[in-house]
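Presented below is the structure to which this report refers.
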Amino acid sequence: MIDWDDVRYFLAAARGGSVRAAAKRLGVNHATVLRRIAQLEEHLGARMFEKLPSGYRLTAAGEEVLEFANQMEASSHQLETRVFGRDQSVRGLLRVTLPPFLATHLLMPDIADFARLHPDIEMEIVSTGDVVNLTNREADVAVRMVSNRKTLPLNLHGLKGPDLLAGVYMSRDRLAAWRAGAPDPIRPIVIGGQALPDWVDEGEFRATGVPFRTPDADAQIAATRQGIGMTKLPCFVGDADHLLARVPGIDVKSRATIWLLTQGETRKTKRVRLFTEFISHRLAAYASLLAGRSISPD
């Protein structure tokens, strides 16, 4: 089947008369427009444009495609309008995807508050570290921890939230024992096959010995509480855990920024708007905790 996104890029180039005009209209770079048009040409087995000194001119095949592309666009707009008009009720399903750390250790009480405020909204929480595809409607809203803004897909609408920082933590009992002269090594705790972290050579207390590897974040935290060693955690997790303490001498470091992501017409539905506005306000209230400013390091 023809990818509607490829057709959109073709339409923008046909109407603008150049790749540059299409890129500006769509808010993407020059290479993206060329790639999308090439995909459409490959799919249809025909060239859409001739490149002239004055710009791009449609071929005979391009003229035929333009007629149908305009019809596709009109049908798409009509469908979006109908669905949007119908979907302004708060009743219905709302799928939200977010990383397990955020779901378990920060936002679940807020999501519960939202569910109580809007009992007619059916909530489905997808707690995963995998990137869920919003374009394919695998979720309506994604709450993501993003290290590089440039990695955000161009077709998604993003609402920027607070910065999220991380620190290195160990159990309070183990820290007290080390200060009292306990000779046991403090091992670095890492998830899965991750490389040995750079923070093992920083700080007042050095992690030594072979790494202790855990399968997931919950096991990582449990191992740290048990005094096996030290590990890197988001500040909102480590600072809120009374069994853990920051390792002295290791600075809190930038980790990511939280973004609320939605797609296309979905973001205009009432359920999505209510949720994103609600959660963005709650996230703003957590800014100090997320940035590691809620406590002073030991």
Side-chain angles (χ1 to χ4, degrees), residues 95-115 123-132 138-139 141-147 161-178 184-200 203 205 207 209-247 250 252-260 279 282-283 286 288-292 294-295 297-298:
R95 295 187 183 92
V96 180
T97 177
L98 70 169
F101 263 140
L102 287 178
T104 305
H105 296 276
L106 186 72
L107 289 179
M108 194 55 73
D110 304 294
I111 293 172
D113 287 345
F114 180 83
M123 299 289 298
E124 181 178 331
I125 302 302
V126 183
S127 178
T128 176
D130 297 332
V131 176
V132 172
E138 294 176 5
V141 181
V143 186
R144 290 186 188 164
M145 300 185 293
V146 180
S147 299
D163 290 333
L164 184 156
L165 279 79
V168 179
Y169 295 83
M170 62 191 301
S171 79
R172 290 187 180 275
D173 289 345
R174 187 65 193 278
L175 177 60
W178 182 268
D184 296 337
I186 301 175
R187 300 171 66 178
I189 301 172
V190 294
I191 295 179
Q194 292 178 353
L196 198 64
D198 55 8
W199 48 259
V200 297
F205 303 117
V210 296
F212 184 90
R213 300 188 180 278
T214 64
D216 53 44
D218 286 339
Q220 174 193 13
I221 295 169
T224 309
R225 287 172 176 164
Q226 291 300 315
I228 293 172
M230 61 177 71
T231 195
K232 189 174 184 179
L233 295 170
C235 289
F236 72 85
V237 176
D239 290 350
D241 193 320
H242 69 279
L243 296 178
L244 303 181
R246 290 188 198 171
V247 176
I250 300 181
V252 172
K253 296 183 178 180
S254 178
R255 178 186 177 105
T257 300
I258 296 180
W259 284 81
L260 291 171
I279 292 298
R282 292 296 178 94
L283 283 170
Y286 294 137
S288 292
L289 177 64
L290 291 165
S294 61
I295 66 168
D298 288 354

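When a residue number appears, it is its place in the shown sequence, counting from 1.
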Positive for side-chain contact (heavy atoms from CB on, under 4.5 Å) with L289, one of L164, L106, V237: L106

Set of side-chain contact (heavy atoms from CB on, under 4.5 Å) partners for V126, sequence neighbours left out: T97, E124, T128, V132

Residue list, salt bridge (Lys or Arg N to Asp or Glu O under 4.0 Å) with R282, at least two apart or on another chain: D110, D113

Shortest non-hydrogen contact between F236 and F101, atoms and distance: CE1-O, 3.6 Å

Interatomic spacing from OH in Y169 to OG1 in T224 - rounded to 0.5 Å: 11.5 Å

Side-chain touch L244/L233, heavy atoms, less than 4.5 angstrom: yes

Those residues that, when tested against I125, pass side-chain contact (heavy atoms from CB on, under 4.5 Å) (two or more places apart): V96, L98, M108, I111, M123

Test item: V190 and L196 side chains (from C-beta on) under 4.5 Å apart, heavy atoms: no

Heavy-atom closest contact (S127 atom, P100 atom, distance): OG-CA, 3.3 Å

Donor-acceptor contacts, no H, no angles, side chain residues 210-223, under 3.5 Å, sequence neighbours left out:
unit_1 : atom_1 : unit_2 : atom_2 : d
R213   : NH1    : G192   : O      : 2.9
R213   : NH1    : Q194   : O      : 2.6
R213   : NH2    : Q194   : O      : 3.4
T214   : OG1    : D216   : O      : 3.4
D216   : OD1    : D218   : N      : 3.3
D216   : OD1    : A219   : N      : 2.9
Q220   : NE2    : T231   : OG1    : 2.8
Q220   : NE2    : K232   : O      : 3.0

T257: partners by side chain to side chain donor-acceptor pair (under 3.5 Å), with sequence neighbours left out: D163

Main-chain N/O of E138 paired with R95 side-chain donor or acceptor, under 3.5 Å: no

Partners passing ring pair (Phe, Tyr, Trp, His ring centres under 6.0 Å) against F114 (at least two apart in sequence or in another chain): H118, F275, F278

Heavy-atom pair of closest approach, residues I228 and R174: O-NH1, 3.7 Å

Any side-chain heavy-atom pair of R144 and L102 under 4.5 Å: no

